[in-house]
Q: 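Pasting a structure here, questions to come.
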Amino acid sequence: MPTVEQTRVKQSTKMSVRDLSVWYGEKQALFGVSMDVIENEVTALIGPSGCGKSTFLRCLNRMNDLVQGVRIEGEVEFEQENVYAPHVDVVELRSHIGMVFQKPNPFPKSIYDNIAYAPRILGKVRKRTEMDDLVEESLKRAGLWEEVKDRLQLPGLALSGGQQQRLCIARAIAVSPSVLLMDEPCSALDPVATATVEQLIDELKENYTIVIVTHNLQQAARVAGYTAFFHLGNIIEFSDTDSLFTHPREKKTEDYITGRYG
Amino acid sequence: MPTVEQTRVKQSTKMSVRDLSVWYGEKQALFGVSMDVIENEVTALIGPSGCGKSTFLRCLNRMNDLVQGVRIEGEVEFEQENVYAPHVDVVELRSHIGMVFQKPNPFPKSIYDNIAYAPRILGKVRKRTEMDDLVEESLKRAGLWEEVKDRLQLPGLALSGGQQQRLCIARAIAVSPSVLLMDEPCSALDPVATATVEQLIDELKENYTIVIVTHNLQQAARVAGYTAFFHLGNIIEFSDTDSLFTHPREKKTEDYITGRYG
Amino acid sequence: MNQRISLQPSRRLKKRYRAEKRFKAYCLGALLLALTFLVVFFADMIHQGHSAFAQTQLKVDVTYNADTVKFTMESVDEDVAPLVSRAFFRQIPRRVKNDPALMDTTETIWVVANSDIDQYRKGHIDSLDPDDLATLERLEADGDVAMGFNKGLFFSGDSKIPSNAGLWSAFVGSIYVMLVVLAVSFPIGVATAIYLEEFAPDNRFTQAIEININNLAAVPSILFGLLGLAIFINFFGVPRSSALAGGLTLSLMTLPVIIISTRAALRAVPQNIRQGAQAVGASRWQSVRDHVLPLSLPGILTGTIIGIAQAMGETAPLLLIGMIAYIPDAPTSMTQAATVLPAQIFTWAGMPERAYVSLTAAGILVLLTLLILLNASAVLLRNRFERRW
Amino acid sequence: KEQMRIVGSSTVYPFSSYVAEELGATTDYRTPVVESTGSGGGFKLFCAGVGDTTPDITNASRRMKPSELKLCSDNGVTDITENVVGYDGIVFAQSKQDDAIDLTREQVTLAVAAKVPVDGKLVDNPYTKWSEIDASLPDREILIYGPPTSSGTRDAFEELVMEHGSENIDGYGEAYTTIRQDGKYVPSGENDNLIVQKLAQNKDAFGIFGYSYLEENRDKIQGAKIDGVTPERALISSGEYPVSRSLFFYTKNAHLDKVGGMSDYVDMFLSDQMVSDRGYLKRLGLIPLPADRLKAERSEWESKAKLGASDLES
Amino acid sequence: MDTSQILLIFFGGLVPLAAVAFVLGRRKALIADARGTRLHSLPGQYGVYVATWMALPAIAIGFVTGTAYLFGLRVPAAPFILSFALVGSAIGCAMALRRVEPTLRARNSIEKFVYWALFAASLVSILTTLGIILSIVFEALKFFNQVSVWDFVTGTQWSPVATFRPGQNAASSQFGSVPLFAGTFMITSIAMLVAIPVGLLSAIYMSEYASYRVRTIAKPLLEILAGIPTVVYGFFAAITVSPLVVQVAATFGLQASYTNALAPGLVMGIMIIPFISSLSDDVINSIPNSLREGSYALGMTRSETIKRIVLPAAFPGIMAASLLGVSRALGETMIVVMAAGLRPNLTWNPLEDMTTVTVRIVDALTGDQSFDSPETLAAFALGLVLFVVTLVLNLVSIIVIRKFRQSYE
Ligand SMILES: Nc1ncnc2c1ncn2[C@@H]1O[C@H](COP(=O)(O)OP(=O)(O)OP(=O)(O)O)[C@@H](O)[C@H]1O
Ligand SMILES: Nc1ncnc2c1ncn2[C@@H]1O[C@H](COP(=O)(O)OP(=O)(O)OP(=O)(O)O)[C@@H](O)[C@H]1O
Ligand SMILES: [Mg+2]
Ligand SMILES: [Mg+2]
Ligand SMILES: O=P([O-])([O-])[O-]
């Protein structure tokens, strides 16, 4: 484990959001939000339901483009480019920024094909043996290999909830993104599966920059180095997790984390 | 407010559950649960998702009868009778034990008719003026009268969420039940509406025995005199709320209320 | 891992985009193709049928006297008589009977031309008896020939004289049949749906009923004709060709449609409405009657209208129960012989005279208009009252 | 019962529905319902019994069979009057744009038979052109649109043309009436107005149908001579044209006084105005009876002559 | 007794009597109520209770005697039945009235009565299926007494010999149904070749690509195609499409029959397009969006997502929809009656004329052959086979659809 000093030194910004506003039709969901995502760290987004966490997250890989009637203003910088710039290709972008969803959503295919699907189309891997290696490697990184190595041809839907979620993580890793977005990845899981996934997140941050939305404050405290508190479409407070939970600067943050509402 | 001594004295059992087991098809949801419901008190049921709180609650007024393939064993005593005894008329029973649901579910009728519906079909009230009085009285008790008295003919669905929930409470009160069951009545409401409803519950306990399911531990602490902690279809702990929250007897209870999981 | 990431499309991605475009074009093409069929179809029907809405009329002098009442063709000029529709001549005795003042007078009126003349003027046939042609040209020169609106198409019944044939009796027959269908399949269909959706225990028998209903919805309609013939007509003795026989047969076909859509409408009513009602002490039936049914009514009606519209266009089963016949009088009771619009169209489609081709197409246009109106009202109803929970 | 019901032959249907319309239009009776059920179907319905739900009259393009009469009497339908109302010629028609052709029944038989005798043996019909049957015939493809097996016209064709033809051709031995199924003979609906269109467009093709269709479409098609006789009204009526049959009319006398307009209908049908040489039905293609025959039929009707089993044996 | 009389007795007699019973029952309950005893149910419910018990015996007696009459059993004359029913009703009414007491659970009885009434309604659909089977089976058996099932199923010759005149040899008839089924399957195949690709691809366009506006316009337009009666399609096929096919074929130097199989096949395909597209649309829409999002999040394009994720997931449903389409095409009657040929013809060439099972059924049953001739009876045998084939297809697709639904809830 790096010491606190080292962490500070290593800090560099992976993505940087400037003045992001989002409207769904008439309704504004985000109000000029700015925030930096630190490289190789876990950033947690917390806040009451409907405050815009998911909206923010889905702006980072432009998944919100798919929503009918959405309007987005502001900038999201990734690799020195604004992802909303006209020449940026979304499909390309999304292959660099992986995403894991609230409810595990494996494809109705075999475990193997769940992972091989994207690399095959992206042309990352051509040969059968290379693909086998990639599948194995991705499953290993997602901590699932030992559990499924004998039954890669089983449908992904036959796995348990926690395994499915790790399969989805493996699937996202397989195209070697550099950022992983996770929207309440544990909320559909039981406590044991949650613990496994949290541990996995802890390991993944070595190689990936992770942004995670969670409702569970304890979870944010456990896994995240940085935490942002959202409220009604604004970021109220953003700082390293320890200080946010122990010395919140804002009254609203304090109310929220002490369970006064939500 | 009655003092602690008084509370002790007044304690008498309104309903009493003995060895209640429930199966949904093959799956057992409750495992021989026993518990007393204290008269004119608020009893909160807490526990992680899927632990059987709603199932337990819905056995009290036999709403579970409506579920296909449900099987129920054990006794639920109410007014010296087992509510599952063959000669008991469910419709009659439910008019004595009111229920409020998670999502406010006013009938798509006017506010007036929402409340008048049950008294009318039960034949409690025949004359128009009596009905007017009953509607007014019920709305008053539910703390909604002032807000809606000028627009009783408005559809119930035109009210805000919190108002709708209070309308549902008024509707339940209108047939003068003696017990009120509430399944997460505030989880669909915003903090302000939640506060109003909580206050209402506090007032209602003067006249009604209330059983409430909640996910929100703070809420249980705020409104309930007694709390039962459910886990995997069993009652782990049942005692007065203060001691349960401050000195839990069981390790599982402690883990849960300190947010170790859930 | 340090290779520079570019967010611009790679070569491979460009290729993938081309595939994307192609696929989208195929899909759009398919949709356009389907819509083209629709356009071509309607254009063809209008092209074939529009001329039947007008008909050739001649201005002639009609003489009424004891002689012409007997030999009606002699009531107009000898050379003009072959041009006039026979349907006019045979009314002459009646005209005189109804209005004795006409006797021994001559009046000048517009009468319907016979269908050869009509078809010739519309360009559907290109030769005519030379004498008739000469007469026609003379009349045209005098301005005694005109095209008028074909009222008979809407207001008279079937006829073996094309210029006299109309849809009225078939229209009335259709109404009668639809009334029977409505009276039988609506209550039974809705009751079945309520039973299955709200009351039925989930057991094998219930599943059998459900599968059976889904199957019935797809049984070839001609088999319903066999059923109608064997059960209703031969077994129960319902009069052949009657609106009752047709209606009962079509009711059984419509039943699954109504059941399936009613079930969907009932299912769309959220469970918490039922729970709310039952939690305040309503019985199951009371909660259905007071809450579920009123809420699902628009959906039920929509399904019913669509079912009725389907039944209204059905022909095959009617072939077997005697409703494809010459029935020119509108029925006045359920047990009288009746025909329906699609049956009339089928009859006309088989007639040898050319004039019936455009009559058939015109009949089709009328039927389609009715059906589209019915379906559109169903769609409106659905959009208007559809509730989102 | 206020409305008559007539069923039966599709060949007679145009005539009986025309008379029905006339009755409806010129009297106060409701127009009788006329359904084309085919002769066999007509007898079945007609003989089902006496009473409201059974037909009053059935038409046929063939005579009632003894078995059908038995069915009738078993069901209590005993008082039936039989009338012949005219003739129907079965014509062999082709497009007007081509030269009319002169055929013998033997040639037609060879053109449509499933098997033909070649060198004393019956083999699958090899003929694809008329000229192959007889060098004097034109070099035209054989293509014949004719009635399907379910049709009475087909039966009449088989009897009047093929039975006769095959008996006169060496090699068949006995009457042969099986029609080829290799596409040279195309079964087609009888009252199918497409047939005329098909003939008009395909000059090689022939159509076999009732004389009335020829009459209706004189502008497009013409009839071939059979055994040297042109299908013309007079020649059919006189019996010179070899392929013609009688059209029948069966009245259920038990209904006469129960159904309004029934005797008026039969009277009208047999009247000069309709069925005589100057009647309307002639224009629709009915071949009228000779005057004396018509008179005899009328008197049969007047006396309500009762049909008996012995009548049918001849 | 004819229908109008029965209706008259029903509404003229039963309804007023029931109304009287209702009033009596209600009054008795109200009297009890006025005396201060608490009623279990509403007064009106006691009224309905008595009225029901009044009406039930009459309806039951009417039903039983009616059925007995239909089965040819001897039944007493109408006045007897009527008085019998009256007495039954009076007894029912009196007994019910006596039982009206504050403790009587009238509401529960009504509930039960409603339950059984609804249950009875649901039996009608079962009876319908039974009716279809009964109305086919007996005649079909008569046919199979004359013609062996094996010959019928495997024979390749369909040439019934007329039995119009005595002496015609019906025994030389051949009833091999293969050419009929070949024609049916040929036309069905053509229809499905049109309907499946066009229907499926338009469904994909509407559910995955089209904007809301395009969808709200295109969908009802497509549904118009589904609402066009088959007799209209038949006319279109016969008058417009068939001659067109002949002309087009001629320009390619091919010879087509005027009653070719292609024209009815094409038109039937058009008819089935909306059927396939709306069922496929349902299936595609039921694929959870999370799957699509999962694919997009991996950097996949829309068509890749559709082809690799959505369609495979929707496959069973599309399959089931297609099977339903096939069963519809097999049983379609008017289009082929009006536009297809009458010649049993075993061929692969869709430009030739072929006949189908339904055409044969209609032709035999509306033709001139006598009712007991094998050709007429064959119609029922064909109907039976048609019923069985579509039944199997429907069952398979119903089962597939059910399975599929379950896995995606
Ligand atoms: N597709 C959409 N169309 C319209 N409004 C939307 C849409 N998605 C979200 N919103 C609205 O935008 C606001 C922010 O939603 P968002 O999903 O980002 O909240 P959240 O913080 O993720 O909440 P939760 O914790 O419940 O997931 C909410 O008010 C929501 O109703
Ligand atoms: N209708 C049903 N059919 C089958 N299983 C059911 C049904 N209702 C509940 N269950 C199962 O029974 C168990 C207990 O459910 P219950 O709804 O009582 O939990 P709960 O404590 O109320 O959870 P939550 O807090 O999520 O409401 C769960 O495992 C659930 O999946
Ligand atoms: Mg969210
Ligand atoms: Mg619950
Ligand atoms: O209908 P047919 O005249 O051919 O018996």
Side-chain angles (χ1 to χ4, degrees), chain C residues 16-17 19-20 23-24 26-28 30-31 33-35 37-38 41 44 188 191-192 194-196 199 209 211-216 218-223 226-227 230-231 235 244 252 255-256 283-285 309 313 315-316 319-320 335 342 345-346 349 357 360 364 367-368 371-372 375 379, chain E residues 3 70 107 111 114-115 117-119 121-122 124-126 128-129 131-132 135-136 197-198 201-202 204-206 209 218 220-222 224-225 227-232 235-236 239-240 270 273 301-304 324 327-328 331 333-334 338 358 361-362 365-366 383 386-387 390-391 394-395 398:
Chain C
R16 287 165 59 205
Y17 274 138
E20 166 82 23
F23 184 74
K24 188 174 172 182
Y26 293 151
C27 294
L28 180 61
L31 181 63
L33 186 61
L35 296 180
F37 286 145
L38 189 69
F41 170 80
D44 184 46
I188 296 182
T192 305
I194 293 177
Y195 175 74
L196 291 175
F199 287 88
I209 298 183
I211 291 185
N212 177 55
I213 287 169
N214 285 326
N215 180 53
L216 269 189
V219 165
S221 59
I222 183 85
L223 298 182
L226 291 177
L227 165 96
I231 307 287
F235 191 72
L244 189 61
L252 297 185
L255 203 52
S283 68
R284 221 176 240 249
W285 168 237
T315 323
L319 278 171
L320 305 186
T335 49
I345 287 166
F346 181 67
V357 174
T360 310
I364 284 173
L367 176 62
L368 285 180
L371 292 182
I372 290 176
N375 282 315
V379 171
Chain E
T3 343
L70 287 171
R107 189 190 59 230
E111 189 82 6
V114 168
Y115 179 89
L118 295 177
F119 176 73
S122 75
V124 171
S125 69
I126 299 260
T128 306
T129 305
I132 291 177
S135 55
I136 304 173
V198 177
L201 289 177
S202 358
I204 292 175
Y205 187 81
M206 285 194 295
Y209 286 108
L221 279 182
L222 267 193
I224 291 182
L225 278 180
I228 295 176
T230 51
V231 63
V232 174
F235 180 74
F236 181 61
I239 293 285
T240 305
I270 299 177
I273 288 172
T301 65
R302 221 178 251 263
S303 67
E304 284 156 2
L324 281 180
S327 86
R328 184 154 289 210
T333 308
M334 295 318 291
M338 296 172 80
T358 46
I361 294 177
V362 170
L365 291 177
T366 57
L386 189 62
F387 181 76
T390 52
L391 178 73
N394 297 341
L395 285 186
I398 289 168

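Letters A, B, ... are given to chains in the order of the sequence lines, protein chains preceding strands, and every chain is numbered from 1.
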Q: Relative to chain E, which segment of I209(C) carries a heavy atom at a distance below 4.5 Å: side chain, backbone, both, or neither?
A: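 Both backbone and side chain.
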Q: Do E111(E) side-chain atoms and W285(C) backbone N/O form a donor-acceptor pair below 3.5 Å?
A: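 Flag set: sc E111(E) to bb W285(C) pair under 3.5 Å.
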Q: Do Y115(E) and Y195(C) have ring centres separated by under 6.0 Å?
A: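 Aromatic pair counts; centres sit under 6.0 Å.
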Q: Please classify the contact of Y209(E) with chain C as side chain, backbone, both or neither, using a heavy-atom distance under 4.5 Å.
A: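 Interface part for Y209(E): side chain.
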Q: Salt bridge between E304(E) and R16(C), side-chain N to carboxylate O under 4.0 Å?
A: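 Salt bridge between E304(E) and R16(C), a charged N being under 4.0 Å from a carboxylate O: yes.
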Q: As a test of understanding, state which of L31(C), L28(C), L35(C) forms a side chain to side chain contact (heavy atoms under 4.5 Å, CB included) with S202(E).
A: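 Output: one option passes, namely L31(C).
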Q: With a 4.5 angstrom heavy-atom cut-off, could you sort out which part of L391(E) is near chain C: side chain, backbone, both or neither?
A: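 Backbone plus side chain of L391(E), per the 4.5 Å heavy-atom cut-off to chain C.
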Q: Using heavy-atom distances under 4.5 Å, tell me whether L319(C) contacts chain E through its side chain, its backbone, both, or neither.
A: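 Looking at L319(C), backbone and side chain both touch chain E.
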Q: Looking at G331(E), is its backbone amide N or carbonyl O close enough to the side chain of T333(E) to form a donor-acceptor pair, meaning the two atoms are under 3.5 Å apart?
A: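 Pair found, side chain donor or acceptor close to backbone of G331(E).
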Q: Between I126(E) and I213(C), does a side-chain contact (heavy atoms from CB on, under 4.5 Å) hold up when you go through it step by step?
A: CA-CA 8 Å; I126(E) 299 260; I213(C) 287 169; over 6 Å; no
Q: Tell me, side chain or backbone of N214(C) under 4.5 Å from chain E's heavy atoms, or both, or neither?
A: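 Both parts, backbone and side chain.
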Q: Decide side-chain contact (heavy atoms from CB on, under 4.5 Å) for T240(E) and F235(E); before the verdict, give the C-alpha distance in whole Å, the side-chain angles of both, and the deciding distance to 0.1 Å.
A: CA-CA 8 Å; T240(E) 305; F235(E) 180 74; over 6 Å; no
Q: Just do the side-chain contact (heavy atoms from CB on, under 4.5 Å) check on I204(E) and F23(C) with the steps written out, would you?
A: CA-CA 10 Å; I204(E) 292 175; F23(C) 184 74; 4.1 Å; yes
Q: Determine the option with the most heavy-atom pairs under 4.5 angstrom with chain E, choosing from L252(C), L227(C), T360(C).
A: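 Most heavy-atom pairs within the cutoff with chain E belong to L227(C).
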Q: If I take atom CD1 from residue I222(C) and atom CG from residue L386(E), how far apart are they, to the nearest 0.5 angstrom?
A: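 So the gap between those two atoms works out to 9.0 Å.
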Q: Is it the backbone or the side chain of L38(C) that comes under 4.5 Å from a heavy atom of chain E, or both, or neither?
A: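 For L38(C), heavy atoms of backbone and side chain both lie under 4.5 Å from chain E.
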Q: When heavy-atom pairs shorter than 4.5 Å are enumerated against chain E, which of L367(C), D44(C), L33(C) gives the highest number?
A: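 Ranked by heavy-atom pairs under 4.5 Å with chain E, first place is D44(C).
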Q: Which atoms of I211(C) come close to chain E, meaning under 4.5 Å heavy atom to heavy atom: side chain ones, backbone ones, both, or neither?
A: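 Both backbone and side chain.
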Q: For T301(E), which atoms come within 4.5 Å of any heavy atom of chain C: side chain, backbone, both, or neither?
A: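 Backbone plus side chain of T301(E), per the 4.5 Å heavy-atom cut-off to chain C.
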Q: Can you say whether I398(E) sits under 4.5 Å from chain C via the side chain, the backbone, both, or neither, judging by heavy atoms?
A: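 Just the side chain, heavy atoms under 4.5 Å.
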Q: Could you check which of I136(E), I273(E), L225(E) has the highest count of heavy-atom pairs closer than 4.5 Å to chain C?
A: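 Greatest number of close heavy-atom pairs with chain C: L225(E).
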Q: If I take atom CD1 from residue I132(E) and atom CD1 from residue I231(C), how far apart are they, to the nearest 0.5 angstrom?
A: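 Nearest 0.5 Å value for the CD1-CD1 distance: 9.5 Å.
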Q: Can you tell which part of V114(E) gets under 4.5 Å to a heavy atom of chain C, answering side chain, backbone, both or neither?
A: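 The side chain, not the backbone.
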Q: Give, as side chain, backbone, both or neither, the part of R328(E) having an atom under 4.5 angstrom from any heavy atom of chain C.
A: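 The side chain, not the backbone.
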Q: Side chain, backbone, both or neither: which part of L226(C) has a heavy atom under 4.5 Å from chain E?
A: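 Both backbone and side chain.
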Q: Can you say whether A309(C) sits under 4.5 Å from chain E via the side chain, the backbone, both, or neither, judging by heavy atoms?
A: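 Neither; nothing under 4.5 Å.
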Q: Contact part of L368(C) toward chain E, heavy-atom cut-off under 4.5 Å: side chain, backbone, both or neither?
A: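 Only the side chain of L368(C) comes within 4.5 Å of chain E.
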Q: Ignoring hydrogens and angles, tell me if any N or O in the side chain of S135(E) forms a donor-acceptor pair with the backbone of A230(C) under 3.5 Å.
A: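 Answer holds: no.
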Q: Against chain E, label I188(C) side chain, backbone, both or neither, depending on which of its atoms sit under 4.5 Å from a heavy atom there.
A: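 Backbone plus side chain of I188(C), per the 4.5 Å heavy-atom cut-off to chain E.
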Q: Count the heavy-atom pairs under 4.5 Å between each of T230(E), T358(E), I224(E) and chain C, then report the option with the highest count.
A: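 Of T230(E), T358(E), I224(E), I224(E) has the most heavy-atom pairs under 4.5 Å with chain C.
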Q: With R107(E), which residues qualify under salt bridge (charged side-chain N to carboxylate O under 4.0 Å, His left out), at least two apart?
A: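 Result, salt bridge (charged side-chain N to carboxylate O under 4.0 Å, His left out) vs R107(E): D89(B).
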